[in-house]
Amino acid sequence: WQRLKAGLFRTSSSIGTGITELFTKRKLDATTLEELEDILIQADLGLDTAARITEAVGKGRYDKAIDPEEVKRVLAAEVENVLAPVARPLVVDGARKPFVILMVGVNGSGKTTTIGKLAAKFRAEGKSVMLAAGDTFRAAAIEQLKVWGARTKSQVVAREQGADAAGLAFDALQQAQATGADVLLVDTAGRLQNKAGLMAELEKVVRVMKKLDESAPHAVLLVLDATTGQNAVSQVEIFGKTAGVTGLVMTKLDGTARGGILVAIAAKFGLPVHFIGIGEAVDDLEPFAARDFAHAIAG
Ligand code: GDP
């Protein structure tokens with residue numbers, strides 16, 4: 001909880017400080033409620049959610065002084081309501097060998113780092129892990145994945161830069177099956193500049209893996225960078241349509257005062273949120289918990 005609170009500090013201080021300043025000397029009325037709504041919109045909670053929270057705070061309390069802590073309690077409860085249905089753990093089905101997780105998202109969103117963090121988690125649970133360096137477009141991504149492989153003692157399947165990503169994914173799954181790996185994490189490219197090309201590549205990766213295991217991939221995780229704000233919304237739209245996203249990971253929540261974007265995305269799409277990234281270190285990946293998150297950002 002302390003780590004989560006520290007990680008979400010920028011968002012919680014912008015919301016929390018704003019609420020404290022707003023209601024310390026003024027009563028609750030149409031003007032202060034409007035200012036409250038602005039604070040929530042600034043934190044990227046989304047128009048609908050901001051309006052709903054403001055309404056909940058106002059109910060039955062008009063023209064009276066209100067303790068800022070009470071406002072934060074109502075806020076936390078409303079945010080928790082939005083998040084509870086989407087806060088779902090990533091369940092690795094042990095009957096699937098390997099359990100194949102395809103990681104998608106734009107360049108720089110934190111895909112490779114998240115793969116490393118997940119590999120470390122699975123290793124700590126005693127699982128054997130294989131990593132597929134499927135972002136064959138960028139030499140740096142391949143190298144970075146190898147570093148994570150060495151660090152987490154996970155085998156890495158990689159080819160030279162420019163190699164066919166689908167061919168690599170096929171090889172990796174074949175090897176993972178042959179060696180009896182528990183989990184296969186597949187990295188992918190994220191160059192949105194060539195959207196059609198990227199989506200065709202992702203579809204092909206899925207198609208070839210199905211030749212070896214028709215139930216694969218068992219999870220498709222979209223990695224979103226919280227610091228990109230509303231861009232994250234359009235990324236869910238783009239990847240959700242073609243890549244068959246089954247769940248979300250939101251990274252870099254430690255780097256933004258607008259962490260409310262997670263709430264906006266939860267409200268808009270209803271996709272499961274499995275993990276949040278709150279730092280660059282290997283253990284800075286937290287299973288997503290609605291209540292903790294809601295209370296942490298309420299300040
Ligand atoms: P990729 O291009 O999607 O594979 O992105 P990377 O994994 O290379 O990450 C891009 C940058 O974001 C790197 O410098 C990471 O260390 C950093 N990063 C990833 N996740 C987090 C996070 O949760 N918090 C912070 N502060 N940085 C992160």
Side-chain angles (χ1 to χ4, degrees), residues 2-13 44 90 101-121 129 131-152 154 156-158 161 165 168-169 172 185-195 198-199 201-202 205 220-229 231-232 234-236 238-239 243 245 247-262 265 273-289 292-293 296-297:
Q2 285 309 328
R3 285 166 45 83
L4 180 70
K5 259 203 105 137
L8 295 173
F9 173 74
R10 286 170 192 245
T11 300
S12 67
S13 57
D44 263 345
L90 175 68
I101 305 175
L102 187 67
M103 303 291 286
V104 302
V106 304
N107 284 338
S109 62
K111 238 178 306 138
T112 312
T113 308
T114 303
I115 288 176
K117 290 171 173 177
L118 284 173
K121 261 191 203 304
V129 177
L131 310 179
D135 185 357
T136 53
F137 205 71
R138 293 186 307 156
I142 299 171
E143 288 316 306
Q144 202 189 335
L145 204 73
K146 286 182 180 167
V147 171
W148 279 111
R151 201 192 276 184
T152 60
S154 307
V156 179
V157 180
Q161 184 184 4
L168 176 108
L185 285 156
V186 183
D187 198 4
T188 60
R191 40 180 210 293
L192 262 197
Q193 307 85 290
N194 179 1
K195 211 187 300 177
L198 174 59
M199 294 308 153
E201 180 174 303
L202 292 177
V205 166
V220 180
L221 303 190
L222 172 60
V223 179
L224 298 169
D225 174 348
T227 65
T228 63
N231 277 341
S234 55
Q235 286 163 23
V236 180
I238 293 166
F239 282 93
V245 171
L248 305 176
V249 178
M250 184 166 274
T251 63
K252 306 189 201 179
L253 278 159
D254 54 306
T256 178
R258 315 186 82 173
I261 189 67
L262 180 49
I265 284 176
V273 180
H274 298 308
F275 293 99
I276 55 172
I278 51 169
E280 292 185 279
V282 63
D283 52 358
D284 288 332
L285 186 73
E286 297 275 323
F288 182 61
D292 289 351
F293 185 90
I297 67 163

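Throughout, numbering of the chain's residues begins at 1 and tracks the sequence. Here the structure is a predicted model, which means the values were calculated and not measured. Every number for a ligand or one of its atoms is a count from 1 in the order of the listing.
Protein heavy atom at the shortest distance from atom 10 (C) of ligand 1 is Gly108 O, 3.7 Å. Looking only at protein heavy atoms, the nearest one to atom 22 (C) of ligand 1 is Gly279 O, 3.2 Å. Of the protein's heavy atoms, Lys252 NZ, 4.0 Å lies nearest to atom 11 (C) of ligand 1. Nearest to atom 3 (O) of ligand 1 among the protein's heavy atoms is Lys111 N, 2.8 Å. Counting only heavy atoms of the protein, atom 4 (O) of ligand 1 lies nearest to Thr112 OG1, 2.6 Å. Protein heavy atom closest to atom 7 (O) of ligand 1, with residue, atom name and distance, is Thr113 OG1, 2.6 Å. Of all protein heavy atoms, the one closest to atom 5 (O) of ligand 1 is Gly110 N, 3.0 Å.
Here the closest non-hydrogen pair linking Met103 and Lys111 is O-CD, 3.6 Å.
Looking only at distances, no side-chain donor or acceptor of Thr188 sits under 3.5 Å from a matching main-chain atom of Asp135. Ser12 places a side-chain N or O within 3.5 Å of a backbone atom of Phe9 that can act as its donor or acceptor partner. Listed for the Thr251 side chain is a donor-acceptor partner under 3.5 Å among the backbone atoms of Ser109. Between the side chain of Arg10 and the backbone N or O of Asp254, at least one donor-acceptor pair lies under 3.5 Å. In this structure a side-chain-to-backbone donor-acceptor pair under 3.5 Å is present from Gln161 to Phe137.
Contact annotation for Glu286 and ligand 1: no heavy atom of the residue comes within less than 4.0 Å of the ligand. Contacts between Arg191 and ligand 1 below 4.0 angstrom, taking non-hydrogen atoms only, are absent altogether.
Counting heavy atoms from C-beta on, the side chains of Val129 and Thr152 never come closer than 4.5 Å. By the 4.5 Å heavy-atom criterion applied to side chains, Phe288 and Val249 are not counted as neighbours. The shortest distance between side-chain heavy atoms of Leu224 and Met250 falls below 4.5 Å. At a threshold of 4.5 Å between non-hydrogen side-chain atoms, the residues Leu221 and Thr114 do not count as touching.
The atoms of ligand 1 that sit less than 4.0 Å from any heavy atom of Val106 are 3 (O). Per-residue contacts place Gly277 under 4.0 angstrom from the following atoms of ligand 1 (heavy atoms of the residue considered): 23 (O). The contact set between ligand 1 and Ile278, taken as ligand atoms under 4.0 Å from a residue heavy atom, comprises 23 (O).
Residue contacts with ligand 1 include Ser109, since one of its heavy atoms falls under 4.0 Å from the ligand.
For Glu280, a nitrogen or oxygen atom sits less than 3.5 Å from a nitrogen or oxygen atom of ligand 1, counting backbone and side chain alike. For Leu253, no nitrogen or oxygen atom sits less than 3.5 Å from a nitrogen or oxygen atom of ligand 1, counting backbone and side chain alike. Residue contacts with ligand 1: Asp254 is placed with a nitrogen or oxygen under 3.5 Å of a nitrogen or oxygen of the ligand (distance criterion only). Not one N or O of Asn107 is nearer than 3.5 Å to an N or O of ligand 1, by distance alone.
The nearest non-hydrogen atom to atom 8 (O) of ligand 1, considering only Gln144, Arg138, Lys117, comes from Gln144.
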Item to check | Step-by-step side-chain contact (heavy atoms from CB on, under 4.5 Å) determination, Lys121 to Phe275 | outcome: CA-CA 12 Å; Lys121 261 191 203 304; Phe275 293 99; 3.7 Å; yes
